[in-house]
Amino acid sequence: MKDGHRKKLKAGVMGWPVSHSLSPILHSYWLSKYNIEGLYKAIPVHPDALEKSLCDLQNKFYRGVNLTVPHKESALGFVDKIDNYAKRIGAINTVVVEGSGVLVGSNTDAIGFIENLRDVVPIEVGSGWFGRPAVVLGAGGAARAVCVALMDCGIKEIRLVNRTLDRATELILEIEGMADISNIYKWDNRSDALSHAGLLVNTTTLGMAGQLPLNIDLTELPIDATVHDIVYTPLETDLLFKARQRGNHVVDGLGMLLHQARPGFRSWFGTDPIVTSELRQVVLASLSK
Ligand code: ATR
């Protein structure tokens with residue numbers, strides 16, 4: 001390996017497949033914006049090769065990686081330390097190689113969700129609209145991150161709505177403290193969950209390009225509630241369109257994606273990057289290609 005290449009600060013994203021990942025675009029944007037001699041690559045890693053690929057990071061002079069589908073859960077078994085968020089959410093999306101070669105796994109989705117929400121709507125912890133119930137649609141990995149974030153913000157009631165009730169029950173039992181503040185609603189009763197809510201978050205794949213639409217009657221949702229869809233293809237989902245038309249404040253999914261990338265960049269490249277409208281435009285342009 002050439003010395004120049006070795007000196008570059010290196011990071012990347014491991015997934016299978018990985019070509020869909022937007023992470024190289026946004027990290028490369030920040031590297032260039034902050035004049036950092038660094039490299040961020042998409043690294044295709046088959047699930048059978050994940051352990052070895054993580055072990056090899058230090059030898060290959062990598063500062064760390066992001067993890068995407070299908071590695072987020074399995075990586076829990078292949079790192080040396082796990083941060084509190086990763087433990088509570090049950091998944092890792094960021095790995096940092098410490099000086100000694102120790103691999104530290106963390107989950108930045110909860111931070112990304114809340115930092116983005118904070119950017120667009122004022123959050124008064126435990127009071128105001130945030131003092132009202134929050135409705136979370138879905139019970140997958142993204143829902144876990146959103147629930148952890150909401151708990152940490154002092155939300156007093158989370159209404160969890162999922163097609164598969166067992167999965168919602170599992171989520172509530174596995175995240176410490178969730179059972180005390182949660183109610184589960186059947187998917188067919190999703191509209192009933194909306195009354196008096198201050199926040200509605202869609203974490204399901206419904207409404208995403210190529211997936212089924214998300215059908216939900218918003219009549220019961222207060223007009224001053226915020227509606228957040230973590231889907232970002234399309235940027236304005238049908239849910240957000242309907243919510244905006246009736247006067248609700250809406251938050252799209254791109255901001256969460258951008259904010260969750262910040263802690264990794266800070267650890268690998270030593271600069272705390274900012275999410276700007278220019279970055280949004282760069283990522284949006286790549287989505288429309
Ligand atoms: P992620 O880890 O990104 O959250 P996931 O674990 O695949 O992805 O979760 C997808 C979510 O979308 C789940 O809550 C799923 O509901 P089930 O737990 O019942 O599978 C939800 N979802 C997907 N297709 C759905 C559909 N047709 N109707 C209702 N919910 C659906």
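Just so you know, these numbers come straight off a predicted model, no measurement behind them. When a ligand or atom number is given, it counts from 1 through the structure's own listing order.
Summarising the geometry, atom NE2 belonging to His27 is positioned 11.5 Å from atom CD1 belonging to Ile25; distances are rounded to the nearest 0.5 Å.
Taking every heavy atom of both residues into account, Ala139 and Thr203 meet most closely at N-OG1, 4.5 Å.
Ion pairing between Lys72 and Asp109 holds under the 4.0 Å rule for side-chain N and carboxylate O.
Applying the ring-ring contact (aromatic ring centres under 6.0 Å, His included) test to residues at least two apart or on different chains, none of the pairs has a partner in residues 154-203.
For ligand 1, the 4.0 Å heavy-atom shell takes in Gly138, Ala139, Gly140, Gly141, Ala142, Asn162, Arg163, Thr164, Arg167, Trp187, Thr204, Thr205, Leu206, Leu212, ordered by chain and residue number.
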Report all side-chain donor-acceptor pairs from residues 252-259 shorter than 3.5 Å, counting only partners two or more places apart or in another chain.
unit_1	atom_1	unit_2	atom_2	d
Asp252	OD1	Leu254	N	3.0
Asp252	OD1	Arg280	NH1	3.3
Asp252	OD2	Arg280	NH2	2.8
His259	ND1	Arg262	NH1	3.4
His259	NE2	Asp119	OD2	3.1

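Scored by the salt bridge (charged side-chain N to carboxylate O under 4.0 Å, His left out) test, Lys33 finds no partners at all (sequence neighbours excluded).
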